[in-house]
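These numbers come from the heavy atoms of this one structure, side chains and all, not from hydrogens, waters or symmetry mates.
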Protein chains: 2
Amino acid sequence: MARPKIDDSEARARIAAAAEELFADRGYGETAIRDIARKAGVNAAMIHYYFGSKEGLYKSILEGAASKVRALLVQTVSGPASTKERLAQFVDSYAAYILSHPNLARILYREMLTGGEHLMRIAQQYAVTNYTILKDTIFEGIRTGELRPIDYELAPISLMGMVVIFQFLRPIISAALVTTKYDERFVNRIASHTIDLFFNGAGSSGGRSKEPATSPGRKKPGAKRGAKVR
Amino acid sequence: MARPKIDDSEARARIAAAAEELFADRGYGETAIRDIARKAGVNAAMIHYYFGSKEGLYKSILEGAASKVRALLVQTVSGPASTKERLAQFVDSYAAYILSHPNLARILYREMLTGGEHLMRIAQQYAVTNYTILKDTIFEGIRTGELRPIDYELAPISLMGMVVIFQFLRPIISAALVTTKYDERFVNRIASHTIDLFFNGAGSSGGRSKEPATSPGRKKPGAKRGAKVR
DNA sequence: ATTATTTAATCAAACGTTTAATTAACCAGG
DNA sequence: CCTGGTTAATTAAACGTTTGATTAAATAAT
């Protein structure tokens, strides 16, 4: 009814929000542009007016998601902290991001599964950036003796997998596996567990600390758990 | 041209094979039934003749994939071996499965991302079975002192994630991350690294064995690496 | 009055599906 | 061994629907 004109946000933002949710839920091919319009409460033609095409809308969302993740990662793993602290911070931030942007994450994961055309460029750029940062960090940790001489080419992928899986299987996990809501507390538990498992392993041969199973007890002094992810 | 009648396999099998590949590559919604027919070299009506509908074809493929994985897992983690050996065997078998059935795995992963309708039942059943087996195994390992008291509810998910990620990111990994082909040798390296990391962790605080980084050195005597997965 | 925004109506193309007809294999009875 | 009828396998053509996209007109803002 009202015709704001003030800025290009009102309808455009609602379209982007509706599209993000539907693309995440159903994927690109099974999301009709009319469904997006209905959910956003606008006419279908507005989508072409603002985004040019269905693919333009999709790319716009994708671009935003990837750049957000990239920025998050770069600012997270940098800094003068120790290797372990930097890796722990990566896990914390990544897990927190998963909580606050589940739809963007799912869209990215779908794209990675496909691996094709649309954004092999952007998904690749996103994944390669993360990978390289983590690999260099781990390699440096091994060099200084802070880490064991593990397979530093594969270890970053493993670490990403340990975090990603909790968003990847989220529908199943929250429905049938663990009797918990996916709230901030649970995400903190995921991060603590992941860090503990990655650094200390599951084997008892070394005789490590024996903290109770699900307690979120990790030291890391000034750590703001599940903190700002924007 | 030939009209075999002998059994219903010839065309039906070609349809299933073509559909499996296309569904894995593009997903359900972006795969046209005509494309499947063209790739299989049959008429589009044959798909309805054999499978009733597009969804019937998809469900048929999905069912087969899930039951295969389920059978693989059940027979793998059972047996009188120790906890560590059983978990290691799970990783070996799962990684080998990934190598030999990448398309089925990708279809299952897509379904898990969606989490909806189609087979929330079957995907859930598949995942819950895996999860329960692993959880019980890990819990038992903790009880006997073979494992540290880690978060045994989350640990199975982490372990699955450490394996799944290598199929999940496969296009990106083989294209830009690790300069290796996805052959049996690489899958063995993945399995060795995963087992090493899961049991021993990346930290050096405990003073564990110091085998060189990418060497596939794990003892596990009669282990047939990347063995029969059918 | 002019521009920017939104709408309803409409388009050709592509979709999954159905139908009717055709072809090859099988199996009687002669 | 033929032969005619039955059945299963396969095809080409068309169906109705939905899709992404476009347009011309209407409405609001400047």
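- Stacking of A:R12 on the aromatic ring of A:Y49 is not recorded, the 6.0 Å distance cut-off and the 45° axial limit not both being met.
- With rounding to whole Å, A:I15 atom CD1 is found 12 Å from C:dT5 atom P.
- A:N43 places no side-chain N or O within 3.5 Å of a backbone atom of A:M46 that could act as its donor or acceptor partner.
- Between C:dT5 and A:Y50, no contact under 4.0 Å exists linking OP1 or OP2 to a side-chain N or O.
- Ring geometry, A:Y28 versus A:F23: the interplanar angle falls under 30°, so the pair is classed parallel (tilted spans 30 to 60°).
- For A:A32, the side-chain atoms get nearest to D:dT19 when compared with the rest of D:dT19, C:dT6, D:dT22.
- A distance of 9.0 Å separates CG of A:N188 from CG of A:D183, quoted to the nearest 0.5 Å.
- Of the candidate nucleotides C:dT17, C:dT6, D:dG20, C:dT17 has the atom nearest to the side chain of B:H48.
- For D:dA8, neither phosphate oxygen OP1 nor OP2 lies less than 4.0 angstrom from any side-chain nitrogen or oxygen of B:Y49.
- Direction change of the helix axis from one end of the helix from C:dA1-D:dT30 to C:dA25-D:dT6 to the other is 0°, with five pairs defining each end axis (rounded to 10°).
- Checked options A:R110, A:R106, A:R26; the residue passing with B:T114 is A:R110 (criterion: side chain to side chain donor-acceptor pair (under 3.5 Å)).
- The backbone N or O of A:G56 sits nowhere less than 3.5 Å from a side-chain atom of A:S60 that would complete a donor-acceptor pair.
- Atom CZ in B:F51 sits about 16 Å away from atom P in C:dT18, given to the nearest Å.
- Looking at residues 34-46 of chain B, you'll see B:R34, B:A45 sit with a heavy atom under 4.0 Å from some atom of DNA chain C.
- Exactly one of B:I98, B:I190, B:V178, B:V187 qualifies for a side-chain contact (heavy atoms from CB on, under 4.5 Å) with B:F166. That residue is B:I190.
- A distance of 9.5 Å separates NZ in B:K135 from CD1 in B:I157, rounded to the nearest 0.5 Å.
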